[in-house]
Protein chains: 2
Amino acid sequence: MSDLHPLSDHIGFMLRRAQLSVFQDFQQRTEGFDLTPAGYSVLAILDRHPGMRQNKLTNLLALKPANCVTLINGLERRGLVVREKIKVAGRAVALSLTGEGKTLLAEMDIQVEEHLSLMRQRLGSEDHAELLRLLRKLVESGGEALADDLL
Amino acid sequence: MSDLHPLSDHIGFMLRRAQLSVFQDFQQRTEGFDLTPAGYSVLAILDRHPGMRQNKLTNLLALKPANCVTLINGLERRGLVVREKIKVAGRAVALSLTGEGKTLLAEMDIQVEEHLSLMRQRLGSEDHAELLRLLRKLVESGGEALADDLL
DNA sequence: TATTGTTATACTCTATAACTATA
DNA sequence: TATAGTTATAGAGTATAACAATA
């Protein structure tokens, strides 16, 4: 097992390298949509869970609240997302996609699906599924809930 | 398969989450050494491959040359690494650890081994090996050579 | 003169603390 | 007054282009 690269069995290093490779393909394919992976994530989540609070979104994406604000501001300014005040606690806000947001997401999803396809192709279907399983296991074993109490 | 988190089968998203989790543990355990994961990587590689050129290091770590300079500057200023001019081509430089660099690395490696142990424990030995294999496969299938022509 | 390294700089991401608004 | 969000700001990480030094 290659002692060639002394870091090739450091999980953190390999995760970084893998992420680099995957993000690069993602970004190339979604050029022109002017959405970072993070921005895309927001749209993708709000599409399936409209009315989600910023709070919750922050947890699901593992962002800091302050940075989430900036992210949403940008999406709102572009008319992709709306904030609606709700009466639950404090300053709470419900987030949803606008029609424009849904449209953009749908268009972008075509590219994203191709991206996911290529990743699956690069690994082979079986290994691809296995990798996802292992990543979930790693994250969850670290005490991070992936889906938390989603609702 | 949880449609709970709409992104849990996006490889890029999961890689980010996993890296977050792994790096967090790495950083906690190596607090006090005042070395980022990148800085550690440099020491670890130079320890096993003394005399390596900056050039090559840049490739192995997937850094930009300009950023590698800054990184090495810091390590050199701290007396952990030395640059020696060599006569190959252009401005070429050979990098090596100083005694101090070796000492620091050795101390840090104790913590790093504990970190790697925990990761192995979190996944189980078998899954841990499997994850490494899949990450390597993913990176290499992306056209990135992990060990290149290392020498 | 091609190769390698360096400088300067800017942009994005992430992190922290202090502040605001509302049930 | 606890909760949710916001502002301001600083630091790390990463990217690009133009430049310098040497075989």
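Remember, it's a predicted structure, so these values are computed and weren't measured experimentally. To find a chain, count down the sequence lines: A is the first, B the second, and so on, and within it residues start at 1. These values consider heavy atoms only, across backbone and side chains, with no hydrogens, waters or symmetry-generated copies.
To the nearest angstrom, P of dC13(C) lies 14 Å from CD1 of Ile72(A). Separating the CZ atom of Arg53(B) from the P atom of dT22(D) is a distance of 15 Å, rounded to the nearest angstrom. When rounded to the nearest whole Å, the span between NZ of Lys56(B) and P of dT4(C) equals 10 Å. Going from atom CD of Gln19(A) over to atom C1' of dC13(C) covers 12 Å, rounded to whole Å. When rounded to the nearest whole Å, the span between CG of Asp34(A) and C1' of dC11(C) equals 14 Å. Atom-to-atom, CD of Gln54(B) to C1' of dT4(C) comes out at 9 Å; the value is rounded to the nearest Å. dA4(D) atom C1' lies 12 Å from atom CG of Leu95(A), rounded to whole Å. Per the geometry, CZ belonging to Phe23(B) stands 17 Å off P belonging to dC13(C), to the nearest Å.
Side-chain contact between His49(A) and Pro6(B): present, with at least one pair of heavy atoms (C-beta onward) separated by less than 4.5 Å.
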Practice task
Summarise protein proximity over nucleotides 12-17 of chain D in one line of letters, 5' to 3': B for base, S for sugar-phosphate only, - for none, counting protein heavy atoms closer than 4.0 Å.
Solution key: -SBBBB
Practice task
For each nucleotide in nucleotides 18-23 of chain C, reading 5' to 3', give B when a protein heavy atom comes within less than 4.0 Å of its base, S when such contact involves only the sugar-phosphate, and - otherwise.
Solution key: --BSBS
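In this structure, Ser141(A) OG and Asp127(B) CG are separated by 10.0 Å, a value rounded to the nearest 0.5 Å. Within the model, atoms CG of Leu146(A) and CD of Glu140(A) stand 5.0 Å from one another, a figure rounded to the nearest 0.5 Å. Once rounded to the nearest 0.5 Å, the distance linking CG of Asp34(B) with CE of Met108(B) reads 9.5 Å. Of the inter-residue distances, the one linking Ile11(B) atom CD1 with Leu118(A) atom CG reads 11.0 Å to the nearest 0.5 angstrom.
Between Arg83(A) and the phosphate of dT6(D), there is a side-chain N or O to OP1/OP2 separation shorter than 4.0 Å.
Side-chain rings of Tyr40(A) and Phe33(A) stay apart, their centers remaining 6.0 Å or farther from each other.
Looking at Ser21(A) and Arg122(A), their side chains do bring a donor and an acceptor atom within 3.5 Å of each other.
Note on ring orientation: taking the six-membered ring where Trp is involved, the planes of His5(B) and Phe13(B) are tilted (angle from 30° to 60°).
Considering only residues two or more places apart in sequence or on other chains, Lys102(A) meets the side-chain contact (heavy atoms from CB on, under 4.5 Å) condition with Asp47(A), Leu97(A).
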